[in-house]
Participant: 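One structure coming up, written as structure tokens, with questions to follow.
What you are looking at is a predicted structure, and each value in this text was computed from that prediction instead of being measured. A note on names: the letters A, B, ... follow the listed sequences, proteins ahead of strands, and every chain is numbered from 1.
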Protein chains: 2
Amino acid sequence: MHDALQKFQTFLKAHSHSCTKVREQIFLAMLDQEPLTMRELVKKLGDKVDRASVYRTVHLLESLGVIERLAQGWKYKLELSDEFSEHHHHITCLNCGKVVPIEEVEEIENLIIQLAKSQGFHSFSHQLEIRGTCSACSMI
Amino acid sequence: MHDALQKFQTFLKAHSHSCTKVREQIFLAMLDQEPLTMRELVKKLGDKVDRASVYRTVHLLESLGVIERLAQGWKYKLELSDEFSEHHHHITCLNCGKVVPIEEVEEIENLIIQLAKSQGFHSFSHQLEIRGTCSACSMI
DNA sequence: ATATTTGCAAAGGCTTTGCAACCCC
DNA sequence: GGGGTTGCAAAGCCTTTGCAAATAT
């Protein structure tokens with residue numbers, strides 16, 4: 001079976017939350033996916049899960065750090081956090097909307113942490129959004 | 001008079017857009033301010049400017065690069081872009097909501113541009129959001 | 001068995017749009 | 001004067017909420 005799914009189930013129990021079908025379905029819908037908008041996620045789950053439950057579950061999983069929200073210009077997209085997937089920065093093509101995940105770059109991570117520290121902040125997380133044009137769209 | 005306002009007026013004309021009272025008022029409401037939410041901006045303009053006009057103007061100014069949207073967790077905030085104000089990255093305190101602007105750090109800027117290039121992207125802009133706790137809130 | 005979670009339907013917000021009146025050039 | 005802007009009111013989305021039925025432990 002899915003290693004990731006089991007990890008998720010264990011995680012939920014460890015945090016005193018029930019392990020329900022709805023939550024599993026939402027988790028699976030997001031596993032190994034490009035970041036999704038709420039609209040896409042709701043649509044993908046079709047009539048399997050009610051819209052309100054998707055919102056409620058996303059809130060819950062976000063508060064537990066399983067899901068993260070990415071700024072995408074006006075809107076946002078959702079993806080599983082580091083612990084359940086990979087990479088965490090993105091480049092968005094302003095022309096075609098393509099989103100490319102980027103591996104963590106330790107050099108940047110460290111600078112960011114130092115930057116926060118220099119302001120007296122203790123940083124928990126950060127998010128980097130880069131906007132530009134992808135190679136295909138740059139040629140137009 | 002306001003240097004910045006004149007610059008703004010000139011900018012609008014240079015881009016073939018009318019220089020109206022509504023646009024000036026919105027610009028002034030954002031000048032030298034902490035980043036504002038749409039709600040705050042609308043409220044600040046009170047009955048001087050209609051809500052719909054605020055939205056329309058923000059769209060326009062955003063497309064011209066005068067205004068930028070910052071991701072702030074769930075929501076977003078608005079601020080004037082580099083050309084009309086200063087600084088462009090922020091640290092948000094997850095506890096008290098305080099937002100601290102950070103000077104550009106050339107080292108990070110360069111790494112980000114290189115990063116985009118390595119993916120075949122031509123980057124126009126980027127946004128860095130750091131979340132953590134400020135010094136005051138860390139002590140609690 | 002019981003506390004939690006879900007679907008449904010309705011309400012609440014935020015954002016956009018059509019159109020007539022108004023303003024800038 | 002005429003095209004671009006604005007206010008108003010209404011429509012469209014997105015998100016949240018109350019509650020009874022269903023589900024997990």
Side-chain angles (χ1 to χ4, degrees), chain A residues 5-6 8-30 35-64 66-79 97, chain B residues 1 5-30 35-64 66-78:
Chain A
L5 182 55
Q6 279 195 10
F8 175 63
Q9 292 166 332
T10 306
F11 182 94
L12 280 179
K13 283 179 189 163
H15 290 261
S16 320
H17 289 280
S18 313
C19 182
T20 69
K21 279 184 185 171
V22 165
R23 288 172 186 169
E24 287 176 11
Q25 288 186 100
I26 291 173
F27 179 79
L28 289 175
M30 296 188 64
L36 296 168
T37 62
M38 192 59 99
R39 173 194 271 287
E40 288 164 345
L41 182 58
V42 168
K43 189 177 176 191
K44 186 167 181 183
L45 291 159
D47 48 7
K48 286 205 288 287
V49 184
D50 186 76
R51 193 205 280 339
S53 299
V54 178
Y55 277 92
R56 280 188 286 230
T57 303
V58 166
H59 274 259
L60 174 67
L61 298 184
E62 207 182 359
S63 75
L64 294 175
V66 176
I67 284 179
E68 299 207 338
R69 256 167 223 250
L70 313 175
Q72 293 284 315
W74 294 75
K75 311 286 179 144
Y76 62 85
K77 291 194 178 182
L78 303 164
E79 70 173 3
Chain B
M1 269 290 292
L5 182 55
Q6 279 196 9
K7 185 174 176 182
F8 175 62
Q9 294 167 331
T10 306
F11 181 94
L12 279 179
K13 285 179 187 163
H15 289 261
S16 320
H17 289 281
S18 312
C19 184
T20 69
K21 278 185 185 171
V22 165
R23 288 173 186 165
E24 285 175 11
Q25 288 187 100
I26 291 174
F27 178 80
L28 289 175
M30 297 188 63
L36 296 168
T37 61
M38 191 59 99
R39 172 193 273 287
E40 288 163 343
L41 182 57
V42 168
K43 189 176 175 191
K44 186 166 182 184
L45 290 159
D47 49 8
K48 286 204 289 286
V49 184
D50 185 76
R51 189 202 292 318
S53 299
V54 178
Y55 277 93
R56 281 187 285 230
T57 302
V58 166
H59 274 262
L60 173 68
L61 298 184
E62 206 181 0
S63 75
L64 294 175
V66 175
I67 284 179
E68 298 207 338
R69 255 167 222 252
L70 314 174
Q72 293 283 316
W74 293 77
K75 310 285 180 149
Y76 60 85
K77 291 194 177 182
L78 304 164

Participant: So, is A:H59 near the phosphate of D:dT16, with a side-chain N or O under 4.0 Å from OP1 or OP2?
Facilitator: yes
Participant: Atom OH of B:Y76 to atom P of D:dT15: distance rounded to whole Å?
Facilitator: 12 Å
Participant: Between A:K44 (side chain) and A:A29 (backbone), is there a donor-acceptor pair under 3.5 Å?
Facilitator: yes
Participant: Please determine, for the side chain of A:A52, which listed nucleotide (D:dT6, D:dT17, C:dT5) has the closest atom?
Facilitator: D:dT17
Participant: Whole angstrom is fine here: how far is it from CG in A:L12 over to P in C:dA3?
Facilitator: 21 Å
Participant: Go nucleotide by nucleotide along DNA chain C from the 5' end; which of A:R51 and B:K21 gets its closest nucleotide reached first?
Facilitator: A:R51
Participant: Check whether any side-chain N or O of B:S18 sits under 4.0 Å from OP1 or OP2 of D:dG4, and answer yes or no.
Facilitator: no
Participant: Measure the distance from CG on B:L45 to C1' on D:dG7 and round it to the nearest whole Å.
Facilitator: 14 Å
Participant: Can you tell me the distance, in whole Å, between the NZ atom of A:K77 and the P atom of D:dC14?
Facilitator: 14 Å
Participant: Could you check which of C:dT6, D:dC8, D:dA24 has an atom nearest any side-chain atom of B:D50?
Facilitator: D:dC8
Participant: Kindly state whether the ring of B:F11 and the ring of B:H15 have centres lying under 6.0 angstrom apart.
Facilitator: yes
Participant: Can you measure A:L78 atom CG to D:dT15 atom C1' for me and round it to whole angstrom units?
Facilitator: 13 Å
Participant: D:dT15 P sits how many Å from A:L41 CG, rounded?
Facilitator: 11 Å
Participant: Does B:R39 make a side-chain donor-acceptor contact with the base of C:dG13, cut-off 3.5 Å?
Facilitator: no
Participant: Examine D:dT25: is either OP1 or OP2 under 4.0 Å from a nitrogen or oxygen in the side chain of A:H17? Give yes or no.
Facilitator: no
Participant: Between A:T20 and C:dT5, is there a side-chain N or O to OP1/OP2 distance below 4.0 Å?
Facilitator: no
Participant: Nearest of D:dT15, C:dG7, D:dG7 to any side-chain atom of A:Y55?
Facilitator: D:dT15
Participant: Keeping B:S53 on the side-chain end and B:V49 on the backbone end, is there a donor-acceptor pair under 3.5 Å?
Facilitator: no
Participant: Just compare D:dT15, D:dT6, C:dT6 and give me whichever is closest to any side-chain atom of B:V22.
Facilitator: D:dT6
Participant: Take the protein atom CZ of A:R69 and the nucleotide atom C1' of D:dC14, then report the distance between them rounded to whole Å.
Facilitator: 11 Å
Participant: Report the residue from B:L12, B:L28, B:V66 that forms a side-chain contact (heavy atoms from CB on, under 4.5 Å) with B:R23.
Facilitator: B:L12
Participant: Any donor-acceptor pair, under 3.5 Å, between the side chain of B:R56 and the base of D:dG7, if you only look at N and O atoms?
Facilitator: yes
Participant: What is the distance, to the nearest angstrom, from the NZ atom on B:K48 to the P atom on C:dC22?
Facilitator: 21 Å
Participant: List in chain and number order the residues that pass side chain to side chain donor-acceptor pair (under 3.5 Å) with B:K13, two or more places apart in sequence or in another chain; answer none if no residue qualifies.
Facilitator: none
Participant: What nucleotide, of C:dT16, D:dT6, C:dC25, holds the atom closest to the side chain of B:C19?
Facilitator: C:dC25
